[in-house]
2 protein chains.
Amino acid sequence: MKNTTNAVGPSGDARTRHRDDAALESTLTASRALLGVIARSLAPVMDTVTLPQFRVLVILSNFGPLRMGELAQHVGAKQSSFSRFADRMVAGGLIARAASPDSRREVIISLTEKGERVYAEVTDARRREISLVLQDLSGPDLDAVRAGFEVFARAAGEPSADETLILGI
Amino acid sequence: MKNTTNAVGPSGDARTRHRDDAALESTLTASRALLGVIARSLAPVMDTVTLPQFRVLVILSNFGPLRMGELAQHVGAKQSSFSRFADRMVAGGLIARAASPDSRREVIISLTEKGERVYAEVTDARRREISLVLQDLSGPDLDAVRAGFEVFARAAGEPSADETLILGI
DNA sequence: CACAACATATGTACTATGACAAGTATGAAG
DNA sequence: CTTCATACTTGTCATAGTACATATGTTGTG
């Protein structure tokens with residue numbers, strides 16, 4: 001399935017398109033490789049949290065403590081569903097409910113120490129995995145990786161929270 | 001594993017380590033960006049297939065038709081569980097059961113046209129998304145992306161099937 | 001042929017997720 | 001102080017995924 005026909009668009013001359021294609025193929029290959037990295041980093045915690053639950057850890061790590069409703073919105077769940085979803089995570093010791101200082105009807109969810117640990121475990125593993133890949137590279141190769149990935153990341157931009165949450169990562 | 005504190009390891013002088021770190025950070029950032037790409041490409045089919053079901057589409061696309069038991073092994077499910085899992089996918093029109101020509105007790109699972117379409121939809125979308133990112137880059141930037149990603153992909157190697165299946169991608 | 005090994009399907013059961021509707025407390029507006 | 005909206009929780013139900021034990025049909029072997 002090398003359907004390159006439609007993927008690139010009508011830009012420029014032959015040499016430009018060839019460049020495009022080469023970069024596209026390299027990106028696709030690298031994206032698979034990165035998926036492997038991500039998957040490996042996630043694997044060790046998959047018996048402690050489910051993927052949807054890991055989303056919540058990610059969100060709370062990025063945003064800090066949130067109200068129930070806000071959190072439910074972030075994960076795209078109905079607030080009623082989320083209440084029991086939270087029950088399970090509380091039971092698992094990953095998050096904690098706390099009374100809001102602002103209003104007694106609000107409930108603030110925050111990461112427990114265990115929740116933080118699980119999240120850190122994954123991100124640390126990700127760094128380790130990538131380091132492992134990079135450690136055998138020569139200096140110029142490292143520079144090439146850095147340069148290429150920087151360009152790509154700048155062009156792609158940070159994915160929105162909603163986007164990556166599709167995968168729960 | 002490796003040196004967890006530093007994530008990079010004890011190799012070489014300050015300049016080398018600095019290079020390492022820069023490449024690591026760039027890779028982490030790019031990995032998030034790529035996750036966004038992957039997530040966006042997956043989103044449109046998420047109301048047709050679940051993530052575990054999409055795994056099966058991926059496997060069948062890569063390996064071609066497989067026996068029930070083989071397929072169950074690939075997804076890491078017990079055969080008995082997988083039978084009903086398959087039921088749902090058959091009901092969804094994504095895969096088809098067929099008698100094996102070799103043995104009447106074997107059942108061969110293959111992608112239906114719809115299953116292939118759903119899979120292609122995602123991979124095409126992935127290419128489109130990446131093309132979209134790349135299309136605004138200058139020639140030299142494209143070359144940088146291609147070079148960097150090639151190096152990385154070569155160093156990382158293709159992830160094993162088992163690995164990426166953790167994520168269902 | 002009889003019987004063990006194999007490939008799949010089914011009975012049963014549990015957890016996770018998620019939707020809708022209704023209930024409960026709290027806060028705000030008049 | 002009433003009334004209404006807000007923020008959660010709970011009752012109820014449905015589906016997906018997974019497991020274990022068991023049944024059913026098929027092959028291969030002695």
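Source: prediction; values computed, not measured. The sequence lines fix the lettering, A, B, ..., with proteins before strands; numbering per chain opens at 1.
- Between its two ends, the helix from dC1(C)-dG30(D) to dG30(C)-dC1(D) turns its axis by 0°, counting five pairs per end and rounding to 10 degrees.
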Let me have a per-nucleotide readout for nucleotides 23-30 of chain D, 5' to 3', with B, S or -, counting only protein heavy atoms under 4.0 Å.
--BBS---

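- Near-neighbour residues of DNA chain C inside residues 82-98 of chain B, defined by a heavy atom below 4.0 Å, number-ordered: Ser83(B), Arg84(B), Arg97(B).
- A salt bridge does not link Glu121(A) to Arg117(A): none of the charged side-chain nitrogens sits closer than 4.0 Å to a carboxylate oxygen.
- Protein atom CD of Gln73(A) is 13 Å distant from nucleotide atom C1' of dT6(D), rounded to whole Å.
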Per-pair distances, 0.1 Å, donor-acceptor, side chain in residues 80-91 of chain B, under 3.5 Å, sequence neighbours excluded:
from	atom 1	to	atom 2	distance (Å)
Asp87(B)	OD1	Arg97(B)	NH1	2.9
Asp87(B)	OD1	Arg97(B)	NH2	3.0

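- In terms of modelled atom types and a separation under 3.5 Å, the side chain of Asn62(A) and the main chain of Val58(A) share a donor-acceptor contact.
- Qualifying salt bridge (charged side-chain N to carboxylate O under 4.0 Å, His left out) partners for Asp143(A), counting only residues two or more places apart in sequence or in other chains: Arg19(B).
- Each of Thr50(B) and Met68(A) lies near DNA chain D, and the nucleotide nearest Met68(A) is the one positioned closer to the 5' end.
- At a threshold of 4.5 Å between side-chain heavy atoms, the hydrophobic network of Ile, Leu, Val, Met, Phe, Trp and Tyr places Ile95(B) and Ile108(B) in two separate groups.
- One atom, NZ of Lys78(A), and another, P of dA22(C), lie 17 Å apart when rounded to the nearest Å.
- For Thr112(B) (side chain) and Ala96(B) (main-chain N/O), no donor-acceptor pair under 3.5 Å exists by modelled atom type.
- Residue contacts for Gln79(B): at a heavy-atom cut-off of 4.0 Å it reaches a base atom on one of the strands shown.
- The shortest side-chain heavy-atom distance between Phe152(A) and Leu134(B) falls under the 4.5 Å cut-off.
- Residue contacts for Ser80(A): at a heavy-atom cut-off of 4.0 Å it reaches a base atom on one of the strands shown.
- Between the side chain of Ser81(A) and the base of dA19(C), at least one donor-acceptor pair of N or O atoms lies under 3.5 Å.
- A salt bridge does not link Arg154(B) with Glu150(B): every distance from a Lys NZ or Arg NE/NH1/NH2 to an Asp or Glu carboxylate oxygen is 4.0 Å or more.
- A heavy atom closer than 4.0 Å to some atom of DNA chain C occurs in no member of residues 107-122 of chain A.
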